[in-house]
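What follows is a set of notes on a single structure, which appears directly below.
Within every chain, numbering begins at 1; the chains are lettered A, B, ... in the order of the sequence lines, protein sequences first and strands thereafter. Below, all heavy atoms of this structure are taken into account, side chains as well, without hydrogens, waters or symmetry copies. What you see is a predicted model, and the numbers here were worked out from it, not measured in a lab.
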There are 2 protein chains.
Amino acid sequence: MSEAPGEAPSTGRGRRPVRPSGDDRELAILATAERLLAERSLGAISVDDLARGAGISRPTFYFYFASKDAVLLSLLDRVVAEADGTMHEVFGTPATSAREGWERAIAAYYEVFRAHRALTVAWAEARSTNDEVRALWSSVFERWVTQCAVAIEAERARGAAPDGLPARDLAVALTSMNERVLYATFSGDGPSVAEADVVEVLLGVWLSAIYGTLGDV
Amino acid sequence: MSEAPGEAPSTGRGRRPVRPSGDDRELAILATAERLLAERSLGAISVDDLARGAGISRPTFYFYFASKDAVLLSLLDRVVAEADGTMHEVFGTPATSAREGWERAIAAYYEVFRAHRALTVAWAEARSTNDEVRALWSSVFERWVTQCAVAIEAERARGAAPDGLPARDLAVALTSMNERVLYATFSGDGPSVAEADVVEVLLGVWLSAIYGTLGDV
DNA sequence: GCGTAACTCGACACCCTGTTGACTCGTTCG
DNA sequence: CGAACGAGTCAACAGGGTGTCGAGTTACGC
């Protein structure tokens, strides 16, 4: 809510002391957060835990971050940058076959989740309590959906895929499926698909939905 | 966590004074919870809000329910009963066509969400913070998945659907998609499918995934 | 009219968040 | 050198939430 006195252009999110060495402290907080998130949920981690983990007092924590959520956001910024990079790479390089292209996209999505399990689980959790987190998620999701919708339309244009549902609606549904299935798989809550099979299962549904033609249903 | 002194067999969950009139109070609390959930999230509702809404003091609230979450669970028990009833009805009556059968199943799932928007949104939110809520969700989800898997296998057995992914994995993926897409649609957070189109979109993906055969992808 | 069980709530103990104001300490510059 | 400044630090506070305890107050059967 309150704005930092000395602005730093780089991260935008959270407060950032401009000067030199206290930088280590900020990194220590981030590292502590990542470590603790691997063992318990964000809700079960207090600001005091983060401060102690970084070797500072609680008030000092507030010198570096405006809140617990700001720490998460800072961590997420990295993941988002990575995810965007991966996405552009996937949609940028031409595929040898349609199947291979979609498989690469899904595997990439899978990989982003997998490489940061704890963080993405915390992300999903915080999404329901924090507007900024929700907005960040929405923007990432939106970019994926848009890319997929464009790709679907391209396939239809070249005659490889039949017309059917609006491409964007299809992209939203399929991307939503990926998100939820991967979340369930990695968080281990409730019925889920085995980790080894998950890309194959998702790919199967994607291909059917995009290319499949129905007979006499 | 402490158990109620006078047990009542009916709901199992939460404490329940057996005797006469304080029953109204319990209903008042439930009604207040439902009303408040329509305007803000569970996290933004305090026990005090519920107590005041029901015309009692905060300590008295604890005479009726063990916690805020217990109220939610009590509310959810109703929805679960309804959802299960709907599910059995859907899978119990024979469909005139395969398409019509699946459409009815998806429409039923949609209807359960829609009739209790606020509650199901709160459900999803609390799932990440409360074990009992999570478990309840998992059990409902599991029942849907099982029913769908059975139905898919039946379609394959009668030769109407081609073999492909394991029926259960497919059911998990598709049911997950429904859950996430409906949640996004009703909570209004992030990119989503228009409410009017959502059943059609989901149905399209289900039919493709279950019956669709791929050409030369 | 009396015991007992349902019911009620003021007051408390505790945990968490976020803020304030005073203090240290290194650097910079007159 | 030493005043001034700004980064960095934290004890102490204010405030809001949860859950509990024990001392009431009814209401009803006997």
B:S57 vs C:dC9: side-chain N/O to OP1/OP2 distance below 4.0 Å: yes
Rounding to an integer number of Å, can you tell me how far A:L42 CG sits from C:dC16 C1'? 14 Å
Hey, what's the ring geometry for B:W137 with B:W123, parallel, tilted or perpendicular (30° and 60° as the breaks)? perpendicular
To the side chain of A:S67, which of C:dG18, C:dT20, D:dC21 is closest? C:dG18
From CZ of B:R58 over to P of C:dA11, roughly how many Å is that when rounded to an integer? 13 Å
Check whether any side-chain N or O of A:S46 sits under 4.0 Å from OP1 or OP2 of C:dC16, and answer yes or no. no
Nearest whole Å is fine: how far is C:dC9 P from B:R52 CZ? 11 Å
Of the listed nucleotides (C:dC7, D:dG19, D:dT9), which one gets closest to any side-chain atom of A:F63? D:dT9
Once you round it to whole Å, what is the distance between P of C:dT17 and CG of A:N130? 14 Å
Gap between atoms CG and C1', on A:D48 and C:dC15 respectively (whole Å): 10 Å
Counting only side-chain heavy atoms from C-beta out, which of D:dC21, C:dG18, D:dT9 sits nearest to B:P59? D:dC21
Nearest-neighbour nucleotide for the A:Y64 side chain, D:dA12, C:dC9, D:dG8 considered: D:dG8
Is any side-chain N of the basic residue among B:E142 and B:R168 closer than 4.0 Å to the acidic one's carboxylate O? yes
Does A:R143 reach the main-chain N or O of A:M87 with its side chain, forming a donor-acceptor pair under 3.5 Å? no
Whole angstroms only, please: what is the OH-P distance between B:Y62 and D:dC21? 13 Å
Taking the side chain of A:R25 as its heavy atoms from C-beta onward, which of C:dC7, D:dG19, D:dG8 lies nearest to it? D:dG8
In terms of the angle between their ring planes, are B:F113 and B:F186 parallel, tilted or perpendicular, with boundaries placed at 30° and 60°? parallel
How many Å lie between CG on B:L50 and P on D:dG16, as a whole number? 18 Å
Spacing of B:D69 atom CG relative to D:dT18 atom C1', expressed in whole Å: 12 Å
Between A:E82 and A:R78, does any side-chain N to carboxylate O distance fall below 4.0 Å? no
